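One structure below.
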Amino acid sequence: MEEFAATLANEVQKGYDPHLQQVIPAMMTELPAANSDFPELQSFLQLHHDAQQQTFCNTFNFRDGTHHFAVVAKSISEEYASSDAFAQAKVRDVTDGFEAASDPLRSETAAGENS
């Protein structure tokens with residue numbers, strides 16, 4: 001999963017973001033206002049503007065969301081990286097741990113040693 005996270009983050013940074021930077025100026029281009037005597041054109045320009053804004057938001061949300069997904073995948077990978085060490089624990093180690101936690105005298109002794 002760590003390799004997947006790194007590959008995904010790299011693709012966003014090197015594959016998607018440069019293209020996004022190229023299209024930003026086109027997405028931010030404002031069209032001139034329409035003549036008030038041409039309501040159909042005014043309506044079209046308003047819808048065009050709305051679509052332009054939504055496209056602008058979606059492109060950044062895709063980039064940011066994909067990057068966030070890669071960060072989460074890396075975090076999960078790191079969190080479970082030590083799971084093999086836990087899998088190597090012996091049953092006796094686990095049993096001793098539960099016994100120590102459930103024995104009030106052992107818990108008090110251990111607490112007293114830490115104080």
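A quick note: this is a predicted structure, and the numbers were derived from the prediction, not measured. Side chains included, hydrogens not; waters and symmetry mates left out as well; all remaining heavy atoms used.
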Discussion item. Between Leu20 and Met27, is the side chain to side chain contact (heavy atoms under 4.5 Å, CB included) condition met? List the steps.
Written reply: CA-CA 10 Å; Leu20 178 61; Met27 289 191 297; 4.1 Å; yes
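- Residues Leu45 and Pro32 approach most closely at CD1-O, 3.4 Å, considering heavy atoms.
- Residues Thr66 and Tyr16 have side chains not in contact (no heavy-atom distance under 4.5 Å, counting atoms from C-beta outward).
- Summarising the geometry of Ala70 relative to Ala5, their closest heavy-atom pair is O-CB, 3.3 Å, with the distance given to 0.1 Å.
- Shown here for Gln22 and Pro25, the closest heavy-atom pair between the two residues is O-CD, 3.4 Å.
- Taking the side chain as every heavy atom from C-beta outward, Val12 and Phe62 never approach each other to under 4.5 Å.
- Looking only at distances, a side-chain donor or acceptor of Thr55 sits under 3.5 Å from a matching main-chain atom of Ala51.
- Side-chain atoms of Gln46 and Asp50 form a donor-acceptor pair, as typed in the model, at a separation below 3.5 Å.
- Thr7 places a side-chain N or O within 3.5 Å of a backbone atom of Glu3 that can act as its donor or acceptor partner.
- Separating the CD atom in Gln21 from the CZ atom in Arg63 is a distance of 6.5 Å, to the nearest 0.5 Å.
- Distance check: Asp17 CG to Phe60 CZ gives 8.0 Å after rounding to the nearest 0.5 Å.
- Listed here is the closest heavy atom pair of Gln52 and Thr29: NE2-O, 2.7 Å.
- The main-chain N or O of Phe56 is found under 3.5 Å from a side-chain atom of Thr59 such that the two form a donor-acceptor pair.
- The two atoms that bring Asn35 and Gln42 nearest to each other are O-NE2, 3.7 Å, heavy atoms only.
- Cluster membership check: Val23 shares its hydrophobic cluster with Met28, using side-chain heavy-atom separations under 4.5 Å among Ile, Leu, Val, Met, Phe, Trp and Tyr.
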